[in-house]
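This report concerns only the one structure given below.
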Number of protein chains: 2
Amino acid sequence: MRERNGSKEERQEQILEYILQYGSISLQEVVQHFECSEATARRDLEALEKAGRVIRTMGGGAKPAGLVSGREIPFHEKQNKLYREKESIAQLAASLVEEGDVIGLTGGTTTYLIARALKNRRNITVVTNAVNIAMELSENEDVQVVLTGGMLRSKNFELCGPLAERTLEALNIHTMFMGIDGFSVEQGVSTYSELEANTAKMMMKRTERTIAVFDHTKAGRNSLFQVAPVTALYGIIIDEEPGEELRERLASEQVKVFVTAK
Amino acid sequence: MRERNGSKEERQEQILEYILQYGSISLQEVVQHFECSEATARRDLEALEKAGRVIRTMGGGAKPAGLVSGREIPFHEKQNKLYREKESIAQLAASLVEEGDVIGLTGGTTTYLIARALKNRRNITVVTNAVNIAMELSENEDVQVVLTGGMLRSKNFELCGPLAERTLEALNIHTMFMGIDGFSVEQGVSTYSELEANTAKMMMKRTERTIAVFDHTKAGRNSLFQVAPVTALYGIIIDEEPGEELRERLASEQVKVFVTAK
DNA sequence: ATATTTATGATTGAATATTTCATAATGATG
DNA sequence: CATCATTATGAAATATTCAATCATAAATAT
C-alpha cells in the first residue's frame, strides 16, 4: 500500500482526537490535514462511524451523542429490547408516586425509564446511585436529585462500594424501585454483580417500601447474588401475570403484585 | 400560511422528541410523519441545528453530543476562552501528581482539564464532586474514581450540600486542586457560589495539601464567598507571575507559587 | 518470483443539500 | 374592507456531497 503519512489506524486515531477536541471535522479538513484523497477521508469516517465513534454529517464527521470521551453512557432509547414492556412497568411505577414522596432508584434500564416517567413531576425527591438517572432528572428544577457517593463503575455509571453505603445511612427513603436481574420464590431478588447487590441491600435498609421492578424474562430466574428474600418486599411490578405458585406465595407473604395492562 | 398539521413549532418539538427517543431521524421520516415537503423538513432540521438541539446528518438529523435530554454537559473543549492558559496550568498540576497519589478535584474548567491530563495515569485515585470529571476519568480502569454524594446542581453537574460533606468525612485526600473564581492577599480564595464554597471548605479539611489553580484574570479579584485564607494553602498554580506584593506575602506564608512556562 | 491482500486514488452516477422563486395563509394598517 | 407586508410552505434548478466501481501500487504471503 502506498502510505504517505502514517497508517490508516494512526490517521483515524488522529481524526478522533481532532473531533474530541473540536467537536467536529470537515471532509476537507481531513483531506488537507492528512494530504489524502476525499475517498480515503470518507472511508476513514465511514470506518469510525461503523465503530460507533463518529457520527457522519454532511461533509464531515462529528462527535456522536451519548459518548463521553469515546464511551457510551447508558441513556436508553426505544431500540432496547423489551422497551414496551419496560416502559409500561415504568408508567405503573410512576403512577404510585405522589407529590412530596422520597423515591429511591437503583441503576438499570427499567429504573431509568421510571426516572424519565417522573421527570415532569413537581416536589419529589429522587435518591439514586446511577449517574445517568441523576443527570436525566436534574433537568427539572422541581425534582430534587440526590446522588449517592461512591466508586464509579465505568461500565454502567453506577456508584458502589462502602462510600455509597455510608451516604445512604444519612437518608430515609419512602419508596424504592429496585431493578434486578433475577426473581424467584426461593431466592427472592438477585443481581449479576456483588457490588450492586450490596448497594441495593443497603438502600433497602433505608427504605420503608421496596418494590422490585422486572420484566417477565427475569421471573423464575436466579442471578448470582441474592439481594433479599421475597418477604422483604413491599411489592413487585411485572408486565405479565406471575405463575400460580409464585402468586400464592406472594399473596401469603402479603407482597403486592402490580401487573401492567397489556 | 398554510398549516396542515399544526404549527412549525409543534412539528419541530415533535422532531426533537422523536430524536430523543430513537437517537436520530431521517428526512423521509419527517416528510412522512408530518406530510410535508422535503424543503420544510430540511428547514426544520436546519432551525433545530441552529438552536444546537440537533446535529444534521446526511439525509436526516441526530442527537448532538454533549446533550443529555436537551441540556449541555460541561465537557469543555478548545473553544473555551483562555484554553491555552488553563491547559498549561493543568499540565503543571498533573506533573505534580505521582503514582499512588490520592487527588482531589473540585468542579470547574481548569480542574476538568487537570482530570484530562491525568486520564492516562496508572494507579491513582481521584476524588471529585463534579460528575463530568468523574465520567471523563472513569474511562480508564487504572484510575480509581470516587464521586462524593450530594444534591446534584443541574447547572454545572456538581454535587453539593450536607451529604457531599458527609461523604468527604470518610476520605483522606493527599493533594487537592481547587478551582476558584477569585484570589487576593486579603481575602484568600473565593467563589461565586456559597454551596461550592462550603463543599470546597470541607474538602480542604480532609486534604493534606491544597493547591489553588486559576488563571491571571482571577488574581487580585474577590468573589462573594471566601473559601480559605492564603495561609491555608500549600501552593498556587497560575499562568502569570504574580505581582510584587502578592509574591512577598505568599513567600512569607510559605505558600509555593508555580508559574506555567509561557 | 508470483499471487494475494490491502490501502489508496480516480471516476461516474446517485443522493442529498442549497438557493431561488412562486404562492397561499395570516395579520397589520390605513 | 382592501392592501400590504410577513411568514410558512412547496417546487424547481443548481451545487455539493456521497456511494459504488474500478484501477493501481505497496505490502504480505506462498
Side-chain angles (χ1 to χ4, degrees), chain A residues 1-67 70 77 79, chain B residues 1-67 70 77 79:
Chain A
M1 321 130 214
R2 36 186 163 170
E3 296 176 356
R4 293 206 192 179
N5 300 318
S7 69
K8 187 174 79 165
E9 283 74 22
E10 284 177 50
R11 220 177 36 231
Q12 296 186 359
E13 276 308 310
Q14 284 183 49
I15 292 174
L16 226 65
E17 175 94 4
Y18 189 103
I19 290 179
L20 230 87
Q21 298 236 318
Y22 294 97
S24 66
I25 196 168
S26 76
L27 197 80
Q28 291 311 319
E29 282 175 312
V30 178
V31 168
Q32 284 162 27
H33 202 269
F34 300 102
E35 292 172 359
C36 65
S37 69
E38 294 191 359
T40 300
R42 267 188 245 282
R43 272 189 278 254
D44 282 344
L45 290 173
E46 194 183 1
L48 290 168
E49 181 182 49
K50 222 176 222 166
R53 312 194 66 178
V54 159
I55 184 171
R56 282 218 285 173
T57 61
M58 185 78 183
K63 235 194 306 190
L67 281 196
E77 289 163 6
Q79 293 101 327
Chain B
M1 322 129 216
R2 35 183 165 171
E3 295 177 358
R4 294 205 192 176
N5 300 320
S7 69
K8 186 174 79 166
E9 285 72 22
E10 284 177 53
R11 219 177 37 231
Q12 296 186 359
E13 276 307 311
Q14 283 183 50
I15 291 175
L16 227 64
E17 175 93 6
Y18 190 102
I19 289 180
L20 232 86
Q21 299 235 317
Y22 294 96
S24 65
I25 195 168
S26 76
L27 195 80
Q28 291 312 317
E29 281 175 313
V30 178
V31 168
Q32 285 163 26
H33 201 268
F34 300 103
E35 291 171 2
C36 64
S37 68
E38 295 191 357
T40 301
R42 270 188 243 279
R43 272 190 279 254
D44 282 344
L45 290 174
E46 194 182 1
L48 290 169
E49 180 182 50
K50 223 176 220 166
R53 311 192 66 179
V54 160
I55 185 170
R56 281 219 286 172
T57 61
M58 185 78 182
K63 232 195 306 190
L67 283 195
E77 289 163 7
Q79 293 100 327

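Chain A is the first sequence line, chain B the second, and so forth, proteins listed ahead of strands; every chain is numbered from 1.
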key: Gln12(A) vs Arg43(A) side-chain heavy atoms within contact, under 4.5 Å   = no
message = We want to know whether Tyr22(B) and Glu29(B) form a side-chain donor-acceptor pair, criterion being a heavy-atom distance below 3.5 angstrom.
response = no
inquiry  = dA8(D), OP1 or OP2 - any side-chain N/O from Arg11(B) closer than 4.0 Å?
reply    = no
query = Roughly how far apart are Leu45(B) CG and Leu16(B) CG, rounded to 0.5 Å?
reply = 10.0 Å
note = On DNA chain D, more 5' by nearest nucleotide between Glu9(B) and Glu46(A) is Glu9(B)
key: Among dA7(C), dG9(C), dG10(D), the nucleotide that comes nearest once only the side chain of Lys8(A) is considered   = dA7(C)
task = Find the distance Glu38(B):CD to dA13(D):P and express it as a whole number of Å.
result = 15 Å
request  = Please work out if Arg56(B) contacts a base, only the sugar-phosphate, or nothing of the nucleic acid, heavy-atom cut-off 4.0 Å.
outcome  = sugar-phosphate
ask   = So, is Arg43(B) close to the dT18(C) phosphate, meaning a side-chain N or O under 4.0 Å from OP1 or OP2?
value = no
request  = Output the distance between atom CZ (Phe34(B)) and atom OG1 (Thr40(B)), rounded to the nearest 0.5 Å.
outcome  = 11.5 Å
ask   = Taking atom P of dT16(C) as reference, at what distance in whole Å does atom CG of Asp44(B) sit?
value = 18 Å
Atom pairs, N/O to N/O, protein against nucleotides 14-17 of chain D, distance under 3.5 Å?
from: dT17(D); atom 1: O3'; to: Gly59(A); atom 2: N; distance (Å): 3.2

inquiry  = Can you see if the side chain of Thr40(B) gets near the phosphate of dT9(D) - specifically, an N or O under 4.0 Å from OP1 or OP2?
reply    = no
key: Reported CD1-to-NZ distance for the pair Ile55(B) and Lys63(B), which is rounded to 0.5 angstrom   = 12.5 Å
note = Sequence neighbours excluded, the answer for salt bridge (Lys or Arg N to Asp or Glu O under 4.0 Å) partners of Glu38(B) is Arg42(B)
